[in-house]
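Okay, so here's the structure we're looking at.
Computed from a prediction, not measured in an experiment: that's the story for all the values here. For reference, positions follow the sequence shown, starting with 1.
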Amino acid sequence: MIGILGGMGPEATLDLYRQIICLTPAAIDQDHIRVLIYSNPKIPDRTEAIAGRGESPVRHLIEAGRLLERGGAGIIAMPCNAAHYYLAQMRQEIHIPILNMIEETCRTLQRQMPEAKTAGLLATAGTVLSGVYHSELSKAGRDVLIPEDADNRRLQDAIARVKAGTYDRSTREVFESVGTRLIAAGAQVVILGCTEIPLSFDPHEAIYPALNPNQILAQAAVDWALGKRDFHS
C-alpha cells in the first residue's frame, strides 16, 4: 500500500494520486494499487518555516507519517518539494521508507538527459532557500539557474494563484515565459519544482524540456508497489 502524505497543497495531493492511477498498468479495478491518503492542509507553511519566520512543520510531518505507517502503508510519497528539507528528521522517526522526490527527479534527469549540465528551477522561495535541488544536483556536477528577481516575483504570484484556485491561461503563460528565459540563460532543462505548477502548466506541452517531480514521484511509488524497485527506511 502506498501512503500519500498530502495537503501541501490538496490539489497537488490529488494530482499525485491521479498520476499513480495513470501510471499503473490496469484493465480492471482490482489491478490498481492500494493507496492510503492523509491530506492535512493545516501543516505549517514550509516556506515561512525555512525562512525562519514561522512554525516548523516537522512535528506535523512526523505525526502524518506515523499515521500512514499505522494505517498499513509500506512506503510514503510526499508531494511537496519544500517539505523534503525536513526529510532526514522525518526518517529518524518513521520506520517505513519515505521516497525522496528531489533525488528521484535528479536521477531521472541523469537518465534522460545526461548531457544537461545546467538545470533551471521553477520553485517556491522556500524550496530555493532550502537548497534541496542545489545540493542534489551539485553531487552530479550540475549547476542550477533560478529566475531573476522580476521573474521570480511573477513566479511566486502565479504559484500563489494556483494554490488559491484562481489560475487561468495567464498563469500558465507565466510558467512558460519564466522557464523560457531560464533556457535562454543557459539551462538545458527546467525542473517544475513546485507541485502546484503542473496543475496549470502541462510540462508535455512546454516549448522547453521540463521535468515534473510529482509525476516522477508517482512513478517511483508505482515501481515499488509492482515490485520493480526496493527502498529502505
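Side chains of Ile94 and Leu68 form no contact here, defined as non-hydrogen atoms less than 4.5 Å apart. Contact annotation: the side chain of Pro25 never approaches that of Asp31 to less than 4.5 Å [non-hydrogen atoms, C-beta and beyond]. Within the 4.5 Å cutoff, no side-chain heavy atoms of Asn40 are placed close to those of Glu63. Side chains of Ile62 and Arg59 form no contact here, defined as non-hydrogen atoms less than 4.5 Å apart. Leu137 places none of its side-chain heavy atoms less than 4.5 Å from the side chain of Asp143. Side-chain contact between Met78 and Met90 is present, with at least one heavy-atom pair separated by less than 4.5 Å.
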Checklist line | Worked check of side-chain contact (heavy atoms from CB on, under 4.5 Å) between Gln215 and His204 | finding: CA-CA 11 Å; Gln215 184 180 52; His204 296 103; 3.9 Å; yes
Next item on the list: Take Phe201 and Glu173 through the test side-chain contact (heavy atoms from CB on, under 4.5 Å) and record every step on the way to the result.
Entry: CA-CA 8 Å; Phe201 176 58; Glu173 290 171 351; over 6 Å; no
Next item on the list: Start with the C-alpha distance between Arg154 and Asp157, add both sets of side-chain angles, then the distance that settles salt bridge (Lys or Arg N to Asp or Glu O under 4.0 Å), and finish with yes or no.
Entry: CA-CA 5 Å; Arg154 294 174 62 224; Asp157 178 67; over 6 Å; no
Note to self: Please evaluate residues Asn212 and Gln19 with respect to the criterion side-chain contact (heavy atoms from CB on, under 4.5 Å), reporting the C-alpha separation (whole Å), side-chain torsions for both, the decisive distance (0.1 Å), and the verdict.
What the structure shows: CA-CA 11 Å; Asn212 179 357; Gln19 297 280 1; 3.8 Å; yes
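Between the side chains of Glu104 and Asn100, not a single donor N or O lies within less than 3.5 Å of an accepting N or O. The closest side-chain donor-acceptor pair between His60 and Glu55 falls under 3.5 angstrom. For the residue pair Ser200/Arg161, the side-chain donor-acceptor check at 3.5 Å is not satisfied. When only modelled atom types and interatomic distance are considered, Gln156 and Asn152 share a side-chain donor-acceptor pair under 3.5 Å.
Tracing side-chain contacts under 4.5 Å through hydrophobic residues (I, L, V, M, F, W, Y), one never reaches Leu121 starting from Leu155; they form parts of separate clusters. Cluster annotation: Ile159 and Leu211 are assigned to distinct hydrophobic clusters (Ile/Leu/Val/Met/Phe/Trp/Tyr, side-chain heavy-atom contacts under 4.5 Å, transitive). No path of Ile, Leu, Val, Met, Phe, Trp and Tyr side chains, each step under 4.5 Å between heavy atoms, connects Leu145 with Val189, placing them in separate hydrophobic clusters. Connection of Val132 to Ile146 is established within a shared hydrophobic cluster, with ILVMFWY side chains joined at heavy-atom distances below 4.5 Å, either directly or through further cluster members. A single hydrophobic cluster is seen to contain both Leu192 and Val174, as judged by linkage of ILVMFWY side chains at heavy-atom distances under 4.5 Å, directly or through other members.
Counting non-hydrogen atoms of neighbouring residues, nucleotides and ligands closer than 6.0 angstrom, the OH atom of Tyr85 reaches no more than 12 such neighbours. For Arg169, the CZ atom counts as loosely surrounded, since its 6.0 Å shell holds 12 or fewer non-hydrogen atoms of other residues, nucleotides or ligands. Applying the 6.0 Å contact sphere to CZ of Arg34 captures no more than 12 heavy atoms from other residues, nucleotides or ligands. Summarising the local packing, CD of Glu148 is surrounded by 12 or fewer heavy atoms from other residues, nucleotides or ligands at distances under 6.0 Å.
Every pair passing side-chain hydrogen bond (donor to acceptor under 3.5 Å, both in side chains) that includes a residue from residues 124-134 is listed here, sequence neighbours excluded: Asn81-Tyr133, Thr124-Thr127.
Hydrophobic clustering, defined by side-chain heavy atoms of Ile, Leu, Val, Met, Phe, Trp and Tyr closer than 4.5 Å, groups Leu16 together with Ile2, Ile4, Tyr17, Ile20, Ile21, Leu23, Ile33, Val35, Ile37, Ile75, Leu99, Met101, Leu217, Val222, Trp224, Leu226, Phe231.
Contact between Ser39 and Thr13 at its shortest, heavy atoms only, is OG-OG1, 4.4 Å. Taking every heavy atom of both residues into account, Ala12 and Asn214 meet most closely at O-ND2, 3.3 Å. The two residues Glu11 and Val162 make their nearest non-hydrogen contact at OE2-O, 4.2 Å. Across every non-hydrogen atom of Lys117 and Gln188, the tightest pair is N-OE1, 2.9 Å. Shortest non-hydrogen contact noted between Ile191 and Pro213 is CG2-CG, 3.9 Å. Nearest heavy atom pair, residue His32 against residue Ala26, reads NE2-CB, 3.4 Å.
How far CD of Gln219 is from SG of Cys22: 11.5 Å, rounded to the nearest 0.5 Å. In this structure, the separation between CD on Glu176 and OH on Tyr208 is 5.5 Å, given to the nearest 0.5 Å. Atoms CG and CZ, from Leu36 and Arg70 in turn, are 11.0 Å apart once rounded to the nearest 0.5 Å. In this structure, CD1 in Ile76 is found 10.0 Å from CG in Leu61, a value given to the nearest 0.5 Å. The distance from the CD atom of Glu69 to the OH atom of Tyr38 is 15.0 Å, given to the nearest 0.5 Å. The structure places CD1 of Ile197 at 12.0 Å from CG of Asp15, a figure rounded to the nearest 0.5 Å.
Although no hydrogens or angles enter the test, the distance criterion places a donor-acceptor pair under 3.5 Å between the side chain of Thr195 and the main chain of Pro79. Of the possible polar contacts, none joining the Arg91 side chain to the Pro97 backbone as a donor-acceptor pair under 3.5 Å is found.
Of the charged side-chain nitrogens involved, at least one lies within less than 4.0 Å of a carboxylate oxygen, so that Arg172 and Glu205 count as a salt-bridged pair. Lys139 has a carboxylate O that lies under 4.0 Å from a charged side-chain N of Glu136, or vice versa, which qualifies the two as a salt bridge.
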